[in-house]
Each structure stands twice: as C-alpha cells, then as structure tokens.
Protein chains: 2
Amino acid sequence: MKHTVTAKDVAKLAGVSQSSVSRVFFEGAKVSEKTRAKIIAAAEELGYRPNEFARSLITNRTKIIGIVMKGVQNPFYPQVLKQFAAAFKKKGYSILFVHTNNDEIEAEDVETLLNYNVAGVIITDAVMALTVGEEFKKNKIPVVFFNRKLNSEEFYSVSCNNLDAGRKVAEYFFDKGVSEMAYIAGDADTSTSRDRQKGFQEVLKQKKARYRHYSSDYTYNGGFKTAMHMVAEGDLPSAIFVANDIMALGVLDALKENSIGVPGQTKVIGFDNIEMAAWPAYQLTTWEQPIDKMVHATVTYLLEEIAEYTGAAETFEVDGRLIERSTT
Amino acid sequence: MKHTVTAKDVAKLAGVSQSSVSRVFFEGAKVSEKTRAKIIAAAEELGYRPNEFARSLITNRTKIIGIVMKGVQNPFYPQVLKQFAAAFKKKGYSILFVHTNNDEIEAEDVETLLNYNVAGVIITDAVMALTVGEEFKKNKIPVVFFNRKLNSEEFYSVSCNNLDAGRKVAEYFFDKGVSEMAYIAGDADTSTSRDRQKGFQEVLKQKKARYRHYSSDYTYNGGFKTAMHMVAEGDLPSAIFVANDIMALGVLDALKENSIGVPGQTKVIGFDNIEMAAWPAYQLTTWEQPIDKMVHATVTYLLEEIAEYTGAAETFEVDGRLIERSTT
DNA sequence: CTGAAAGCGCTTACAG
DNA sequence: CTGAAAGCGCTTACAG
C-alpha cells in the first residue's frame, strides 16, 4: 500500500506533538531552534512532505494560479506561458493550465478553476464574458486580463500601449516618406487589434492620408490570404502595418510568392517581436511587446491581491518599441 | 467574507443528510431518484460545488495530470500540450503545467508534482534521472515519457518509430537518385535524434554510401549555423536529413542565404511536420509525427494505470509517414 | 514555546 | 436507500 508519511509520523519519531511538526512546515509559525532541528531531522529521515490538500482545506487558499489560454499556434503565447511558469515557480506557485477552444472561455473551464480554488487567474487571449468575471469576483479570486485592455472599473488588465504603438508605426512610415498605407487587422473583437488600428488610423487622419483596412484573424494563413487578395486587387499600398507577427510572416510569404520586393515595393511592420521575426528568411521590422514587463506587472498585482484582496481594477499599459529590420 | 457553500448547507436546504449530498456528487454512489432531485435543486439554488481538496484528502487521489515541458520554442510542444489539455479535459482531468529550464527535470519540480499528488505525469522533452522516476514509482504515480524511447523495464514511453523513419528517409533519398547525404542531429542525449540517425545510417551502410554527421541542438539557430558551416566547408552533400523541422527551417534559410537551390543543389527532409513546414516560404518535406496517436496512447495508458496501478512498462512506438513537399 | 483539541469539507464503512 | 459517525492530514486558537 502507498503509505504516505504524515505529520503524526514525524511527531512520533521526533518525540514532539503533531502541532509542532505543522509549525515547522508552515511559514510564519514559531518554533524553538531545538525542536525545529529535531523535527527537520525526523522529517528528512521519513521523507515527509506536507499534504497540500489538507493544508488548502484548512487555510482555504492554494498556491495555484490558473492560466487560461487559447492560441498556442501563435508562438507569442507559449513564450508568455513559459515566463509565467518561471515567475510563479520562484514564488512557490504552480500553474493550472486551461486550454479553451472557443474564443470565449467556457463555463466548464471556470468551474475547474473554481473547484481548485485557485489563488489567482490569468486570462490570456480568450475573451471572457463579464458574468464569468463576476463569478471570480464573488469568490474573491483576483483575475488579470493579459494582453487585453479592458477599460473596466471591475478588472485589472495589462497590455502593451497599443494605441501609442499604432501611432508610432504610422509616424515611422511617414518619416520613411510613405503615405499610402494599409492596416491588416487581427480578430475584430480584440482590444489589441482595435487599439493598434486606432492609433495608426489617427495619425493617417491627421496627415490627411487615406486609411485602408483589411480584416483578418491573427493567424499565418489569414495574413497570407489577405496579402494575396491585396496583390490580386492590383492596388498595393506602399506600406502595411500588420496587427501581429505571425500574420506578418504570412504577408511576407505572399508578397514573395508574387515577387513583390520588400521593402522596395512595399514595407511591412508586424507586432510582438516573436522569435521568428528575427529569422534570416523574414527579418521583420516589428513592434516589440515587452513581455517581461507585462508578466512582471501581472505577477505583482496577483501576488498583492492574494496577500490582501481589494478587488482593485486598473488598466495597465506598458510601452513597447520598434525593432527595425529589413522589411522597412 | 467568502462564504463557501458546503454539502452541509445543501443538506439542510434539501432536508437530507450530508452523506446523501456527498453521494449525489460522487460518481458511483447510489441515491434514489427522489432525493437526488431534491439535492440537485438545492445545490443549484445555493451554487454548491464539491471541494476538490476535501475530496482528494479522503480519497487520496486527484484529477490532476502533471505535464513537464522544456522546449516551448519548438512549436511541436505547444501543439502537444494543447492536445493533452483537450484530451484530459474530456476525461475530467486538469493539467498542472511544469516548465523546466534545465535539460534535466529539477528536484523542485518533482516535489511540486508529489505535493499535489498528481494522478499521473507526462514528461515531455526533458530528460529525467531514473532516481526521479523511482520517486514517482514509490508513490504509485504512473509516468509516461513522451517523445522518448526508453527501452526500460521500468517505465512507459511513447514515441514515433524513429528508427523506421530514419530508414525510410534514407531509402527515399536513394530512390531519388541521391547517394551523398548527411544527417544533422538534434541534442545528442535524446533517443529521438539517435534513433533517427541510426535508421538513416543503417541504410547508408547497407548501400555502402558514406555517412556524414553534423551535431546540432534541435533549435532554429542550431540548424542555421550548421548549414552555414556546411556550406563554408565547400563540400555540400546532395541531400540532408535534419532531425527536426525547426532546425530544418534554419537549414533552408541558411541555404537560401547562400543562394543554394533546393531541391536542385541539395534536398532537405525534416521531422515533426509542424505547422510552419507547410508554409509557402518553406514547403518542407518532412516526416510527420502522428501526435494524435501518440497522445491517445499516452492518455489511455495513464487512465488505465490511474484506475488500477500495475506499474506496467512498455516502449510504445507509432508509425509516422513522409509528407512530400518542395524541398525534395 | 509547546501540546491537546477542534475543525476544514468531504468519503465511506456501518447500521438500520 | 439513508443517516450518524469516524477520519483523511493538516492549521490554529487556546491553555499552560
């Protein structure tokens, strides 16, 4: 039979009470150095490890962070996942990974997170109905919307300053002497795509330049098809701002397919600065999202709210920067 | 205060005992339809949800699967993670995601998995010291080594039939009339890279062809650098078998950089069939790993072992197939 | 500083 | 089929 070593076993061997054993393994509790030493020795001998479930049952808190993610196709997100895992591990937290298929986080997923009484939740690229957010609020579980701008009094969200980025990209194109430009949008219901567009469009309007819009979906194939379509139309703009890198790669491939020179005939700027953007085949100029800063803000907020729940809402934005490569 | 609804609350409202409430939510227990209905109604009214921790404490089992992963840079693994998440969700299991930095899974990670008393463990691309495996065995926690061939009497491992794949790739090259070929290896301490090499080399030896070996590391940059080096050497083989796709993309980019025609001057075959292999920019011929079959075998084994632990070891291999594109 | 005891929210023999 | 009760392995007032 699987015999799990309990605090009781350790107590017996060390000749102390079970409470003292508990105190040694529960940070913040006080024990004399002498008994601590005895207990540590006994625990090591038996291979004792406190049972997380008993602990959680009584404290009503866990060391688990739920991460809800949809698009593992976009390398941006695995990258983010990795950084979260590393940051939370350092703080003693584990990651419950929830993958949603739909755009919207499913009731079932929320159920899971609630069942495990997660200490905090990060919602990454899925859209979440606000009723679902309320569910977490009711249970005083802090939630961060990552890479989304919510402008909500209810929830904390962290994103890159997409509006500013859109503006800067437009200005950069103008500085390069380009005035005929287009935007290829990502999923229309995402704040990221809308804000990048908004900033971009704003500057064009200021300069009285024509704004051209193409709808797409944040995928490689979406970018590829859109660019093929643009080329087929015959009226190719001399610069294209693509809402994310993975689409931009599709765009570049489509242009290459049509023997359209970049940056000669048209210039391309992406968004994210995923690893592939730096590959020799692409050398994509792009707007870098400061993942580390975004992750840091998320972790800090979550940890603070876990320590003392306030339900504070904020729309936190981090500045990114342009990485110039060979497509502009 | 956060008031969690307990079985007791539901019992009171429904006018039954707490045990009956428990029976309704614990599958396999029997309750009359009448009381079940009353309880369900009361539970819904109160928003009751059984506490997983209390449950786990008493049953000494969880519905959590630990997945240990290292290389999120290689898109193959996020893809795998997604499939596991989907498959286990269907079975009511959740995923505890553990990211290791080192090649070797760290003691700390094992500790975490053990603390949460996970029902099963999947070790994906990390190497694991056998002593660590013993730790799980001692606790009767089934472990699967995914994408690794162990040939161990101790552990279950599932991989693509890499030996066979290596052979088939070599034969394919010969069929194409090529006899000067090279292999670019991935991390040397992985069974995947060694087996692919072995099968490949075996056929070359049979045909008395020269075998050329280049060491690399399963990364894009590794592939790129290796190919640059090969070109610089001056004696480029007329076909290259690259141990995985992400390296093969690096190889293709390096060849392009040197204006070396593919498949004209040299042919390239990768391994995995990641999404990017099908991109127009690459159109990489590759050996497809049947992820779905590999995932299915893993899930089936784990579920069986969770139901009744036997500690059965097996080295399970799944056949892949060649996907012909434009690099051959 | 330490121990005895209550209790977290469940499951599960055991009676009835 | 149902309820009363024990107990899973912890934390945490409460005494001493």
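Every chain is numbered from 1 and lettered A, B, ... according to where its sequence line falls, protein lines coming before strand lines.
With a cut-off of 3.5 Å on both Watson-Crick or G-U wobble distances, the partner of D:dA13 is given as none. C:dA4 is unpaired under the criterion used here, namely a Watson-Crick or G-U wobble arrangement in which both key atom distances are under 3.5 Å.
Side-chain N/O atoms of B:Thr6 include none lying less than 4.0 angstrom from OP1 or OP2 on C:dG9. Contact between the side-chain N/O atoms of B:Ser32 and the OP1/OP2 oxygens of D:dC1 is not found at any separation under 4.0 Å. Between D:dG9 and A:Thr4, a contact under 4.0 Å exists linking OP1 or OP2 to a side-chain N or O.
With distances taken from any side-chain atom of B:Ala7 to the nucleotides C:dC10, D:dT2, C:dT2, the minimum falls on C:dC10. Side chain of B:Thr59, nearest nucleotide from C:dC10, D:dT11, C:dT12: C:dT12. Which of D:dT11, C:dG9, C:dT2 sits closest to the side chain of B:Ala54 comes down to C:dG9. You'll find that the side chain of B:Leu57 is closest to C:dG9, out of C:dG9, D:dC10, C:dT2. When each of C:dT12, D:dT11, C:dT2 is scored by its nearest atom to the side-chain atoms of A:Ser20, the top-ranked nucleotide is C:dT2.
The distance from atom CD of B:Glu52 to atom P of D:dC8 is 20 Å, rounded to the nearest whole Å. The interatomic distance linking B:Asn117 (CG) with D:dC10 (P) rounds to 12 Å, in whole Å. Atom NZ of A:Lys8 is separated from atom P of C:dG3 by 15 Å (rounded to the nearest Å). Between the CZ atom of B:Arg23 and the P atom of C:dG9 there is a distance of 20 Å, rounded to whole Å. A:Asp9 has its CG atom 13 Å from the C1' atom of D:dC10, to the nearest Å. In this structure, A:Asn60 atom CG and C:dC8 atom C1' are separated by 8 Å, rounded to whole Å. Rounded to an integer number of Å, the gap from CZ of A:Arg61 to C1' of C:dC8 is 15 Å. Counting to the nearest Å, the C1' atom of C:dC8 and the CZ atom of A:Phe26 are 13 Å from each other.
Distance CZ/A:Phe25 to CZ/A:Arg55: 9.0 Å, rounded to 0.5 Å. Atoms CD1 and CG, from B:Ile141 and B:Leu114 in turn, are 5.0 Å apart once rounded to the nearest 0.5 Å. Rounding to the nearest 0.5 Å gives a distance of 7.0 Å between OG1 of A:Thr124 and CG of A:Asn147.
The closest side-chain donor-acceptor pair between B:Ser19 and B:Ser22, if any, does not fall under 3.5 angstrom.
By the 4.0 Å N-to-carboxylate-O rule, B:Lys89 lies too far from A:Glu108 to be salt-bridged with it.
Within 4.0 Å of B:Thr35, counting heavy atoms only, lie sugar-phosphate atoms of the nucleic acid but no base atom.
Both B:Val31 and A:Arg49 sit near DNA chain D, but only B:Val31 has its closest nucleotide nearer the 5' end. Both A:Gln18 and A:Lys30 lie near DNA chain C, and the one whose nearest nucleotide falls closer to the 5' end is A:Lys30.
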Would you please test B:Tyr218 and B:Thr192 for side-chain hydrogen bond (donor to acceptor under 3.5 Å, both in side chains) and show each step?
-> CA-CA 11 Å; B:Tyr218 274 147; B:Thr192 46; 2.8 Å; yes
